[in-house]
Amino acid sequence: MPELPEVEIVKQSLFKNINNKIIKSVRINNPNLRFKLPCNFSHVLKGAKIKYIKRFSKYIILELDNGFYVVLHLGMSGTIHILKKKVKSIYTNISFYKSPMLPKKHNHVILFFDHIKLFYNDPRRFGFFKIFSNKNALQSFFQNYGPEPFDKSFNIKYLRKKLYKKIKSIKNYLLDQKFVSGIGNIYANEILFFCKINPLKKSGNLTKVDLKNLILFSKIVLKKAIKKGGSSIKNFKNINGKTGSFQNNFKVYDREKLKCLRKNCTGIIKKKIFTNRSIFYCNICQK
DNA sequence: CCGTTAACCTGAGAGC
DNA sequence: TGCTCTCAGGTTAACG
């Protein structure tokens, strides 16, 4: 589920809630996530102070004062919830979408702080934690990833070199984290709409204008999504707390059969399944 | 190396 | 009500 903007929102909330705090204890209800929870997980976290929290791509990185790094990927359905001990009935959901009740059986990992409990909840268990013992190990893990759209290295020269004569569709390249980091299915579709590029277009056939637009609009779309608190599609209930609102700004995603929102375009948004993912596009203005 | 498919999971919603 | 089927914001091993 979460793509770069949603993970950024989660990171910001985590920073407000647990940065500089000490993990008093750890409870593991189910270690069987996408990858089995590292066996030293509790040992590394217990007693450690969270020195800093950052994000790269769709990953949240907790820097601990014992030199270790905890890396978290939310997969498709991972969320984080915080319960303040004093107010037992109210959950502070610092996730990018709101679920009114914590589905208790999917609370796989719980971190206890002084006045706070943090729950990692993940029904589908596609999310995972990794632990790195030092900065080098952390960096070498992220070496396999391409730049984020915000990076200076995500430029014309890079795109030309990577996409030259490639027959794979640009939609699939945008989802390829080795090419560019942080974009998922929603934002790939949205970005291509702004670029007026058909998602199925072969990457080697992109024009210089296409490449320039990709660089420009990937930044614009992701930034706006962050500003709107990310996209919240499911479990949308009106309860106190934060929810993303970028879903109200979707131009193509989840808009099958609706009118194209581009000025003076009479197109209708199409939906197709392509390499196991949905593509949404206007077949008139996206060439 | 390149591109595609299937698999990993659970839950929601549609259709019957 | 309940059954079956499809789909979901991601990643990656395995295959041709």
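Throughout, protein chains are lettered first and strands after them, A, B, ... in sequence-line order, and every chain is numbered starting at 1.
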Just the rounded figure in Å: distance from P of C/dG10 to OH of A/Y173.
19 Å
How would you label the contact of A/Y59 with the nucleic acid (heavy atoms, under 4.0 Å): base, sugar-phosphate, or nothing?
nothing
Whole-angstrom distance between C/dT12 and B/dG11, as gauged at atom P:
24 Å
Dot-bracket for DNA chain B: what is it, with Watson-Crick or G-U pairs under 3.5 Å, [ ] where a pair crosses earlier ones, and | for a pair to another strand?
.|||||||.|||||||
Of all the choices, C/dT12, C/dG10, C/dA8, which nucleotide is nearest to the side chain of A/I273 once you look at every atom?
C/dA8
Where does the angle between the aromatic ring planes of A/H106 and A/H108 fall among parallel (under 30°), tilted (30 to 60°) and perpendicular (over 60°)?
perpendicular
For atom NZ of A/K166 and atom P of B/dC1, their distance in whole Å:
12 Å
Counting only side-chain N and O atoms of A/K178, is one of them less than 4.0 Å from OP1 or OP2 of C/dT11?
no
Whole-angstrom distance between C/dC3 and B/dC9, as gauged at atom P:
24 Å
Identify whether any heavy atom of A/N172 sits under 4.0 Å from a base atom; if not, whether one sits that close to sugar-phosphate; answer base, sugar-phosphate or nothing.
sugar-phosphate
Would you please confirm or rule out a distance under 4.0 Å between OP1 or OP2 of C/dA8 and any side-chain N or O of A/S278?
yes
Between C/dA8, B/dT5, C/dT11, which nucleotide gets closest to the side-chain atoms of A/T275?
B/dT5
Contact under 4.0 Å: A/Q177 side-chain N or O vs C/dG10 OP1/OP2
no
Does C/dA8 have OP1 or OP2 under 4.0 Å away from a side-chain N or O of A/R124?
no
Between A/E256 (CD) and C/dC7 (P), how many Å, whole number?
10 Å
Given the structure, check if the side chain of A/R125 and the base of B/dT10 hold any donor-acceptor pair shorter than 3.5 Å.
no
Ring pair (Phe, Tyr, Trp, His ring centres under 6.0 Å) with A/Y253: which of A/F193, A/F246, A/F280, A/Y187?
A/F280
Face-on cation placement of A/K251 at A/F194 ring, 6.0 Å and 45° thresholds
no
Tell me, do A/C282 and A/C265 make a side-chain contact under 4.5 Å, heavy atoms counted?
yes
What about A/N185, does its side chain sit under 3.5 Å from the base of C/dA8 through a donor-acceptor pair?
no
Centre-to-centre under 6.0 Å for A/F68 and A/F132, is that the case here?
no
Between A/H106 and B/dC9, is there a contact of a side-chain N or O with OP1 or OP2 at under 4.0 Å?
no
Give a yes/no on whether any side-chain N or O of A/K271 is located under 4.0 angstrom from OP1 or OP2 of C/dA8.
yes
Report the distance from atom OH of A/Y120 to atom C1' of B/dC9, rounded to the nearest whole Å.
12 Å
Report the residue (A/S169 or A/F126) whose heavy-atom-nearest nucleotide on DNA chain B is the more 5′ of the two.
A/S169
Is it true that A/K168 and A/D176 make a salt bridge, defined as a side-chain N closer than 4.0 Å to a carboxylate O?
yes
Across the strands shown, which category fits A/L175 at heavy-atom distances under 4.0 angstrom: base, sugar-phosphate, nothing?
nothing
For atom NZ of A/K272 and atom C1' of C/dA8, their distance in whole Å:
21 Å
Can a side chain N or O of A/H73 be found less than 4.0 Å away from OP1 or OP2 on C/dT11?
yes
Remember a base hit wins even if backbone is also touched, and classify A/K165 as base, sugar-phosphate or nothing at under 4.0 Å, heavy atoms.
nothing
Would a line drawn from the ring center of A/F141 to the ring center of A/Y59 be shorter than 6.0 Å?
yes
Return the value, rounded to whole Å, for the distance between atom CG of A/N276 and atom C1' of B/dA7.
10 Å
Is the phosphate of B/dT4, meaning OP1 or OP2, less than 4.0 Å from a side-chain N or O of A/K168?
no
To the nearest Å, give me how far apart CG (A/D122) and P (C/dA8) are.
18 Å
Result for side-chain hydrogen bond (donor to acceptor under 3.5 Å, both in side chains) between A/Y281 and one of A/K171, A/K270, A/Q286, A/K272 points to A/K272
Once you round it to whole Å, what is the distance between C1' of C/dC7 and CG of A/D254?
11 Å
Electrostatic pair A/D210-A/K196, nearest N-O below 4.0 angstrom
no
